[in-house]
2 protein chains.
Amino acid sequence: MGDHASGKGLQRAALARWTGCNLETIRYYEKIGMLPDPPRTAAGYRVYQEDHVARLRFVLRARELGFSIEEIRGLLDLVDRGNQTCAEVKERTERHLTDVRSKIADLKRIERVLAATAAHCSGEEVPECPVLDALAS
Amino acid sequence: MGDHASGKGLQRAALARWTGCNLETIRYYEKIGMLPDPPRTAAGYRVYQEDHVARLRFVLRARELGFSIEEIRGLLDLVDRGNQTCAEVKERTERHLTDVRSKIADLKRIERVLAATAAHCSGEEVPECPVLDALAS
DNA sequence: CTTGAGTCTGTAGTTGCTACAGACCGTACA
DNA sequence: TGTACGGTCTGTAGCAACTACAGACTCAAG
């Protein structure tokens, strides 16, 4: 199987292996326009080149960093327009950073509550349970 | 409109107001078995009592704390079985706590990357953007 | 020449809701 | 008594972001 980056290109499974992406997700990204439609063989098989690898990696990395599909679409648009105003990218990044920080704050609040209620637990077979009480009240 | 907790019970909108739950979500929770089917008026209107308020609050609180629907189903099952083994509840809570902490750790990692890349940004109109580079590489 | 693995398509399922459309019901006001 | 306006009912479709099939096709190896 032509799995090498050199040569004529990658099939879908090869692209998935190279990027760590799920096989079906590649098709999904193509469908929603996050990946350009690749050329096809005579039999209709997709053939990917280096630029597809790069773009998919970009998308996956941005998803890892918690950007939504729509946010990534915006970033890609900046990339594709070429005249990337760094200021705009910075602003989007910082807006996203604010989101991430507020999620962290939320989770920390949750963590405190869970830890506190679990700590009250005797861990014994008693009918009273402070965790359930905390939830119910 | 009978909106008081005393009296004959609450209609759906009233329950929503009392608990802060979205109107449609109540019906959804009923459909998936998180809320018991309430009695109906002759015309088919749902009528809720105090115990529905309590159960809905329990569910909403648990959701706030990040428990999944299935996890809450488990907790409710323990509640309903009555012989709540505190040990079991504690164990589930701590398992969930572990989840929450790992989410926090993930987000913090993301936060660091975002903050670092944003900090490299000149904020000027240059073609090079370290954020995009960071994503692409 | 057959077998097995890879690929193709469209579609349905997932989680946890949210938002309709279109049909009733029930009360206040004229 | 009529009617207008809100509330409620049902089923269904939509959202994000995938994931997982079924059934048909292709391709290379043995």
Side-chain angles (χ1 to χ4, degrees), chain A residues 1-4 7-35 37-48 52 56 58-76 96 99 103 106, chain B residues 1-4 7-35 37-48 52 56 58-76 96 99 103 106:
Chain A
M1 279 292 151
D3 200 306
H4 303 285
K8 293 222 168 44
L10 307 167
Q11 286 195 333
R12 196 148 59 98
L15 179 60
R17 266 194 303 278
W18 272 74
T19 56
C21 184
N22 176 291
L23 186 65
E24 298 290 314
T25 303
I26 293 172
R27 204 156 59 92
Y28 169 69
Y29 282 162
E30 181 183 319
K31 196 172 92 186
I32 64 170
M34 303 290 287
L35 278 181
D37 294 13
R40 307 280 188 124
T41 66
Y45 285 25
R46 291 166 180 84
V47 184
Y48 298 100
H52 290 101
L56 181 51
F58 184 104
V59 173
L60 291 172
R61 182 85 179 110
R63 289 290 302 134
E64 251 179 53
L65 292 179
F67 286 95
S68 74
I69 295 287
E70 284 315 303
E71 284 167 337
I72 297 169
R73 215 188 282 282
L75 291 175
L76 286 173
H96 183 56
D99 279 9
K103 273 184 196 157
D106 286 355
Chain B
M1 277 294 152
D3 201 306
H4 302 286
K8 294 219 167 47
L10 305 168
Q11 286 195 332
R12 195 148 59 99
L15 178 61
R17 266 194 303 278
W18 272 74
T19 56
C21 183
N22 176 290
L23 186 65
E24 299 291 314
T25 304
I26 292 170
R27 202 155 61 92
Y28 170 68
Y29 282 163
E30 180 183 320
K31 196 172 93 186
I32 64 169
M34 302 290 287
L35 278 180
D37 294 13
R40 305 281 187 124
T41 66
Y45 285 24
R46 291 168 179 83
V47 183
Y48 297 101
H52 290 100
L56 181 50
F58 184 104
V59 173
L60 292 173
R61 182 90 179 107
R63 288 291 301 135
E64 253 178 52
L65 292 179
F67 285 96
S68 74
I69 295 287
E70 283 316 303
E71 285 167 335
I72 297 170
R73 217 188 281 283
L75 291 175
L76 286 173
H96 182 56
D99 278 8
K103 276 185 194 155
D106 286 355

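FYI, side chains are in, hydrogens and waters are out, and symmetry mates aren't considered; it's all heavy atoms of this structure. These figures come from a predicted structure and were not determined experimentally.
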Asker: Please state how far atom CG in A/D37 lies from atom C1' in C/dT7, giving the value in whole angstrom units.
Answerer: 16 Å
Asker: How do B/R63 and B/Y45 order along DNA chain C: which one's closest nucleotide is nearer the 5' end?
Answerer: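 Taking each residue's closest nucleotide, the earlier one in sequence belongs to B/R63.
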Asker: Any idea which heavy atoms bring B/P38 and B/V47 closest together, and the distance?
Answerer: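 The answer is CB-O, 3.6 Å.
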Asker: Nearest to the side chain of B/R12, heavy atoms from C-beta on, is which of C/dG6, D/dC9, C/dG16?
Answerer: D/dC9
Asker: Mind checking side-chain hydrogen bond (donor to acceptor under 3.5 Å, both in side chains) for B/R46 and listing every partner two or more places apart, or none if nothing turns up?
Answerer: B/E30
Asker: Between B/K103 and B/D99, is any pair of side-chain heavy atoms under 4.5 Å apart?
Answerer: no
Asker: Side chain of A/E24 only, please: which of D/dT19, C/dT7, D/dC18 is the nearest?
Answerer: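 Taking heavy atoms from C-beta onward, the closest nucleotide is D/dT19.
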Asker: So do the side chains of A/I32 and A/R73 get within less than 4.5 Å of each other, counting heavy atoms only?
Answerer: yes
Asker: Start at the 5' end of DNA chain C and walk down; is the nucleotide closest to A/G44 or to B/I69 reached first?
Answerer: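 Looking at the nearest nucleotide for each, A/G44 comes out on the 5' side.
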Asker: Rounded to whole Å, how long is the line connecting atom CZ of B/R46 with atom P of C/dC24?
Answerer: 17 Å
Asker: Report yes if a side-chain nitrogen or oxygen of B/N22 is closer than 4.0 Å to either non-bridging phosphate oxygen (OP1 or OP2) of C/dG16; otherwise report no.
Answerer: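 No.
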Asker: B/Y48 has an atom OH; how far is it from atom C1' of D/dC9, in whole Å?
Answerer: 11 Å
Asker: Name the closest nucleotide to the A/T25 side chain, picking from C/dC8, C/dG26, D/dT19.
Answerer: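 Of the candidates, D/dT19 comes closest.
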Asker: If every non-hydrogen atom of B/L60 is compared with every non-hydrogen atom of B/T19, which pair is closest and at what distance?
Answerer: CD1-O, 3.6 Å
Asker: Counting side-chain heavy atoms from CB outward, which of C/dT9, D/dA17, D/dG7 is closest to A/R40?
Answerer: C/dT9
Asker: Would you please confirm or rule out a distance under 4.0 Å between OP1 or OP2 of C/dG6 and any side-chain N or O of A/Q11?
Answerer: no
Asker: Whether the side chain of A/H52 engages the backbone of A/L10 through a donor-acceptor N/O pair (distance < 3.5 Å, no angle test) should be reported.
Answerer: no
Asker: Where along residues 26-33 of chain B does a heavy atom come under 4.0 Å from DNA chain D, residue by residue in number order?
Answerer: B/R27
Asker: Atom CD of B/E64 to atom P of C/dC17: distance rounded to whole Å?
Answerer: 11 Å
Asker: Taking atom C1' of C/dA5 as reference, at what distance in whole Å does atom CZ of A/R17 sit?
Answerer: 12 Å
Asker: How about B/L56 and B/Y48: do any of their side-chain heavy atoms sit closer than 4.5 Å?
Answerer: no
Asker: The criterion is side-chain contact (heavy atoms from CB on, under 4.5 Å); which residues satisfy it with B/A43, sequence neighbours excluded?
Answerer: B/T41, B/Y45
Asker: Indicate, with a heavy-atom threshold strictly under 4.0 Å, whether A/T41 touches base, sugar-phosphate, or nothing.
Answerer: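 The residue A/T41 makes no contact with any strand.
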Asker: Please report, rounded to the nearest Å, how far the P atom of D/dC18 is from the CG atom of A/L56.
Answerer: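 In whole Å, D/dC18 P and A/L56 CG are 11 Å from each other.
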Asker: What is the distance, to the nearest angstrom, from the CG atom on B/L15 to the P atom on D/dG7?
Answerer: 16 Å
Asker: How close or far is atom P of D/dA17 from atom CG of A/L60, stated in whole angstroms?
Answerer: 14 Å
Asker: Taking atom CE of B/M34 and atom CD1 of B/I69, what is their separation to the nearest 0.5 Å?
Answerer: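 B/M34 atom CE to B/I69 atom CD1 measures 4.5 Å (nearest 0.5 Å).
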Asker: Could I get the full list of side-chain contact (heavy atoms from CB on, under 4.5 Å) partners for B/E24, not counting sequence neighbours?
Answerer: B/R12, B/N22, B/R27
Asker: For the helix from C/dC1-D/dG30 to C/dA30-D/dT1, what is the angle between the axes at its two ends, each from 5 pairs, rounded to 10°?
Answerer: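 End axes: 20° apart.
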